[in-house]
Amino acid sequence: MPKPIGIFDSGVGGTSIWKEVVKMLPKENTVYLADSANAPYGEKSKEEILGLSIKNTELLLDLGCKMIIVACNTATTNAIDYLRSHYSVPFIGIEPAIKPAALHTKTKKVGVLATKGTLSSSLFHNTSKLFAEGINVIEQEGKGLVELIEAGKIQSKEMKTLLNGFLQPMLDQNIDCLVLGCTHYPYLIPVLKDMLPENVNIIDSGEAVARQTQAVLDRYNLLSTADGKPNHIFYTNKDTEIIKQLIGRPSAKVSFLDF
Ligand code: DGL
């Protein structure tokens with residue numbers, strides 16, 4: 001069986017990336033790790049995030065993965081340099097999509113909703129400096145959002161109250177782009193669309209990550225040519241049901257694993 005692509009996240013959010021990857025690469029097998037028992041990563045120190053990223057990487061390598069997608073902005077911005085320099089498989093990371101937002105904004109004001117761990121990372125700061133010259137980037141920590149998404153409370157009153165408190169200050173500053181800088185947040189798009197004025201564009205990086213995955217697999221001659229039905233396995237160290245719900249596949253293979 002062709003080797004799978006490994007994908008990990010602090011929890012269920014990286015399945016938003018998984019969806020884009022399987023859409024673009026329908027012949028690929030995948031293994032997804034949801035480290036929900038340790039979510040949220042965004043509140044942890046850089047050393048803790050690095051330690052968890054190493055643990056997830058080594059498990060995916062033990063499971064025979066040919067490439068790893070770090071489907072978590074917080075883990076990417078804090079650990080990808082280390083991972084790339086210590087393991088021989090190719091890594092794909094995800095960062096808040098500042099560049100497309102900077103190119104798109106008319107008001108020159110862009111909001112970024114992300115975790116504390118992402119917003120405080122040097123990688124995020126360097127990217128903002130590089131691509132958002134002359135743009136006012138308004139950073140907002142999404143404290144509490146990951147926990148509610150992990151608990152399946154996407155449409156809850158609690159969620160709307162929390163989001164309202166995060167969005168209003170950015171809207172008051174006239175943003176016309178909102179960058180979703182956490183892979184959990186694309187699951188909030190229906191709620192956000194109801195809350196944001198029409199002129200505010202929501203920007204996330206899922207499709208770009210899938211495109212990059214395809215390009216890198218091609219570059220390393222790792223693309224699968226298999227014809228049969230692809231195999232997708234999910235491991236979580238918490239709740240197995242929420243993943244099935246989020247990806248909309250009630251019969252998905254989701255197993256509990258104590259990692
Ligand atoms: N999905 C992770 C990210 O993209 C969530 C981080 C967290 O667990 O706080 O940043």
Side-chain angles (χ1 to χ4, degrees), residues 6-21 32-57 60 68-83 91-98 101 111-125 127-128 139-154 159 162-163 166 178-189 192 202-210 212-213 234-239 242-243 246-247 259:
I7 305 175
F8 78 82
D9 178 39
S10 62
V12 298
T15 56
S16 65
I17 303 296
W18 174 87
K19 282 189 191 176
E20 299 291 341
V21 169
Y32 183 95
L33 293 187
D35 193 12
S36 296
N38 290 300
Y41 281 12
E43 300 293 309
K44 297 189 193 306
S45 68
K46 185 175 170 72
E47 289 67 35
E48 286 174 300
I49 297 166
L50 182 58
L52 293 165
S53 301
I54 292 171
K55 171 198 69 148
N56 298 332
T57 296
L60 288 171
I68 293 179
I69 303 177
V70 182
C72 175
N73 292 258
T74 312
T76 299
T77 50
N78 286 279
I80 198 126
D81 291 343
Y82 178 95
L83 298 175
F91 283 87
I92 304 290
I94 176 160
E95 280 184 71
I98 297 285
V112 180
L113 191 60
T115 69
K116 187 170 152 198
T118 295
L119 295 173
S120 63
S121 68
S122 45
L123 191 56
F124 172 73
H125 279 284
T127 305
S128 299
E139 300 172 14
Q140 175 63 56
E141 185 190 330
K143 196 173 166 59
L145 297 177
V146 165
E147 291 90 326
L148 287 179
I149 296 164
E150 287 284 322
K153 295 182 178 168
I154 290 172
M159 178 65 86
L162 207 53
L163 280 175
F166 296 152
L178 175 67
V179 176
L180 304 184
C182 170
T183 56
H184 282 69
Y185 301 167
Y187 287 114
L188 299 176
I189 289 174
L192 288 168
I202 301 171
I203 300 182
D204 80 275
S205 326
E207 203 189 314
V209 170
Q212 177 68 359
T213 302
F234 298 82
Y235 292 111
T236 172
N237 47 19
K238 221 167 169 186
D239 177 11
I242 177 85
I243 291 182
L246 287 176
I247 65 170
F259 61 95

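In what follows, every heavy atom counts, from backbone to side chain, and hydrogens, waters and symmetry copies are set aside. Read the numbers this way: they start at 1 and go in the same order the structure lists the ligands and their atoms.
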So, do D9 and I17 sit near enough that their side-chain heavy atoms are less than 4.5 Å apart? no
Within the protein, residues bringing a heavy atom under 4.0 Å of ligand 1, chain by chain: D9, S10, P40, Y41, G42, C72, N73, T74, T115, V146, C182, T183, H184
Applying ring pair (Phe, Tyr, Trp, His ring centres under 6.0 Å), name anything that partners F234, two or more places apart in sequence or on another chain. W18, Y32
Can you check whether L113 reaches L188 side chain to side chain, under 4.5 Å on heavy atoms? no
N78 and side chain to side chain contact (heavy atoms under 4.5 Å, CB included): which single residue from L52, V70, I49 fits? I49
Distance-only polar pair, side chains of Y41 and S53, donor-acceptor under 3.5 Å: no
Output, in order, the C-alpha distance, side-chain angles, deciding distance and verdict of salt bridge (Lys or Arg N to Asp or Glu O under 4.0 Å) for E43 and K143. CA-CA 8 Å; E43 300 293 309; K143 196 173 166 59; 3.2 Å; yes
